[in-house]
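Numbers for residues simply follow the sequence, beginning at 1.
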Amino acid sequence: MKAFTYERATSAKEAASAAVRTPGAKFIAGGTNLLDLMKLQIETPQHLIDVNGLGLDKITPTSEGGLRVGALVRNTDLAADARVRKDYGVLSRALVSGASGQLRNKATTAGNLLQRTRCPYFYDTTKPCNKRQPGSGCAAIGGFNRNLAVMGTSDACIATHPSDMAVAMRVLDATVETVNAAGQTRAIPIADFHRLPGATPNIETSLAPGELITAVTLPKPIGGTHIYQKVRDRASYAFALISVAAVIQPGGRGRLAFGGLAHKPWRVEAAEAQMPNGAKATASAVLAGARTTSQNAFKLPLVERTIGAVFEEAKA
C-alpha cells in the first residue's frame with residue numbers, strides 16, 4: 001500500500017471541497033472495497049477523506065411517501081429496516097444475498113453503488129485492463145471470461161458490475177442524491193447513474209470529480225410480489241452469474257432488473273411488456289443484441305430459466 005494523507009470531513013460540502021482541492025483524493029466510509037484495492041495498488045489515492053462523521057446514516061420518510069436512505073446507512077441496517085422489509089422487499093432480499101454478514105455490517109449504501117468490478121483481469125496488475133489503465137487493452141476479451149458481461153459491452157471492456165443492491169435499486173427506480181464542492185445538489189435517476197463502458201470503461205458513473213453521494217431516495221411503494229433470485233457458483237459469498245430483481249403485479253405484469261449481465265444493473269423496460277407472455281418471450285426481449293463468448297454463452301439460457309423460476313415463485 002502506498003503512503004497517503006488523511007482527514008475527517010465535518011460536512012458534505014467540506015468533503016466535496018477537499019476532494020476537488022486535493023488531487024488524487026478519495027472518499028472512504030466502510031472501505032470494504034477501497035482498502036482491498038489500495039493493498040493491491042489498483043487504487044492509489046494520495047489523500048483519503050473520511051466521511052463517516054457526516055450524519056448520513058439515517059433512513060427517513062419522504063413527503064412523497066417513499067424513503068430517503070442516507071449514504072452511510074450500513075447494508076445490514078438497510079436490509080433489516082422494518083419499512084424496507086415491508087414495502088421494498090426486493091431490496092432487503094438483494095442486500096442479504098451479497099457478501100457476508102461481517103462485510104454487510106461495514107459496507108455503506110453509497111459504497112455499494114460505487115464498488116468496482118470483480119473482473120479477474122482488473123485485479124491482476126500484470127495484465128492489461130482498460131478500466132484500471134486506460135488504453136492498455138482488455139485481457140478479458142479472449143481470456144477467461146465465463147463470469148463477464150453479455151449485454152452493453154464494447155471492444156474496450158466486458159466487465160460486469162458486482163452489486164446486488166444496485167440491481168434492486170434499479171427495479172425500484174431509485175434516485176441518487178449528491179452534493180458538489182459549491183454546495184449544489186442534484187438528483188440522478190439510478191438508470192443514469194452507472195455508465196456502459198464504451199471507449200472509456202474507467203469512467204464508471206455519472207458523478208463529476210469531487211461529487212459526493214449523500215442519499216438514495218426510494219419512491220412511493222409500488223406493491224406487488226418482490227423477488228430476488230441470484231444464481232452463483234456457490235451458495236454464499238459469491239458474485240452473481242445471473243441475478244433477477246422482480247416486482248410482479250397481479251396478472252403477471254411488473255418490472256425486472258438483472259445483475260451479472262452488464263457493466264451496470266440491466267433493465268430493458270420495453271421488454272417488461274412481454275412478462276405475461278412467459279419467460280421465453282421476456283428473456284428474448286431482454287437479451288436482444290447480446291454479445292457472448294464461447295465461455296459465457298450459457299448466460300442466455302440461464303436468464304430464461306431464472307426468469308421462469310421468478311415467475312413460478314410469484315405464483316406460489
Side-chain angles (χ1 to χ4, degrees), residues 27 29-30 32-34 59 66-79 81 84 88-99 103-104 106-119 122 131 147-149 151-152 157 159-178 187-197 201 203-207 211-219 226-232 238-247 255-269 286 303 306:
F27 302 120
T32 56
N33 188 206
L34 178 59
I59 304 172
L67 288 178
R68 186 173 186 270
V69 181
L72 297 173
V73 172
R74 265 46 186 182
N75 286 177
T76 294
D77 296 330
L78 182 57
D81 186 271
V84 174
Y88 307 96
V90 65
L91 177 58
S92 183
R93 289 172 173 83
L95 283 161
V96 298
S97 75
L103 286 170
R104 292 194 295 269
K106 290 292 292 180
T108 63
T109 300
N112 193 306
L113 290 176
L114 294 172
Q115 64 182 302
R116 307 199 69 187
T117 185
R118 265 53 179 195
C119 173
F122 174 72
K131 185 179 288 292
N147 292 351
L148 301 184
M151 303 300 300
C157 183
T160 55
H161 194 274
S163 173
D164 292 291
M165 184 196 79
V167 180
M169 294 285 195
R170 179 67 183 92
V171 87
L172 293 169
D173 283 332
T175 301
V176 181
E177 299 179 13
T178 69
I188 308 169
I190 190 73
D192 301 326
F193 182 75
H194 296 102
R195 292 166 48 111
L196 291 177
I203 304 174
E204 298 173 337
T205 72
S206 59
L207 293 174
E211 195 170 10
L212 175 71
I213 297 173
T214 54
V216 176
T217 300
L218 302 175
H226 289 221
I227 297 168
Y228 191 75
Q229 286 262 6
K230 181 176 181 179
V231 182
R232 45 190 162 178
F239 296 101
L241 296 170
I242 292 295
S243 64
V244 181
V247 179
R255 303 177 182 180
L256 298 171
F258 299 83
L261 286 184
H263 205 253
K264 61 187 289 186
W266 193 253
R267 184 177 174 199
V268 182
E269 293 177 61
V286 168
V303 167
T306 309

task = Starting from the C-alpha separation in whole Å, work towards a yes-or-no answer on side chain to side chain contact (heavy atoms under 4.5 Å, CB included) for I213 and F193.
result = CA-CA 11 Å; I213 297 173; F193 182 75; 3.7 Å; yes
State the [atom1]-[atom2] distance between [X] and [Y], to the nearest 0.5 angstrom.
X    : Y    : atom1 : atom2 : answer
T117 : H263 : OG1   : NE2   : 6.5 Å
I203 : L196 : CD1   : CG    : 13.0 Å
D81  : L67  : CG    : CG    : 6.5 Å
T175 : I188 : OG1   : CD1   : 9.5 Å
T217 : R68  : OG1   : CZ    : 6.0 Å

request  = Give the intermediate values and the outcome of side chain to side chain contact (heavy atoms under 4.5 Å, CB included) for residues T109 and L72.
outcome  = CA-CA 6 Å; T109 300; L72 297 173; over 6 Å; no
Which heavy-atom pair separates [X] from [Y] by the least distance, and what is that distance?
X    : Y    : value
A159 : A149 : O-CB, 3.5 Å
L172 : P219 : O-CG, 3.1 Å
D173 : R255 : OD2-NH1, 3.4 Å
L256 : A246 : CD2-CB, 3.5 Å
F239 : K230 : C-CE, 4.0 Å
T205 : R195 : O-CD, 3.1 Å

Looking at [Y], is its backbone amide N or carbonyl O close enough to the side chain of [X] to form a donor-acceptor pair, meaning the two atoms are under 3.5 Å apart?
X    : Y    : result
S92  : G89  : no
H161 : W266 : no
R118 : R116 : yes
R74  : K106 : yes
H194 : K264 : no
T160 : P162 : no
R170 : A166 : no
T214 : E177 : yes

Close side-chain approach of V303 and L261, heavy atoms under 4.5 Å = yes
ask   = Do I227 and V90 have side-chain heavy atoms sitting under 4.5 Å apart?
value = no
query = Is the closest side-chain donor-acceptor distance between Y228 and S243 under 3.5 Å?
reply = yes
query = Can S163 and N112 be counted as having a side-chain donor-acceptor contact under 3.5 angstrom?
reply = yes
request  = Look at K131 together with E204 and state whether they make a salt bridge at an N to O cut-off of under 4.0 Å.
outcome  = yes
key: Carboxylate-amine/guanidinium proximity below 4.0 Å for R104 and D164   = no
request  = Determine, stepwise, if the pair T306 / Q229 fulfils side-chain hydrogen bond (donor to acceptor under 3.5 Å, both in side chains).
outcome  = CA-CA 7 Å; T306 309; Q229 286 262 6; over 6 Å; no
request  = For side chain to side chain contact (heavy atoms under 4.5 Å, CB included), just list the numbers for L113 and V216, CA-CA rounded to whole Å, side-chain angles, deciding distance to a tenth of an Å, and then say yes or no.
outcome  = CA-CA 10 Å; L113 290 176; V216 176; 3.8 Å; yes
request  = Could you check D77, V69, L91 and say which one makes a side-chain contact (heavy atoms from CB on, under 4.5 Å) with V84?
outcome  = L91
ask   = So T178 and L207, side chain to side chain contact (heavy atoms under 4.5 Å, CB included) or not? Walk me through it.
value = CA-CA 8 Å; T178 69; L207 293 174; 3.7 Å; yes
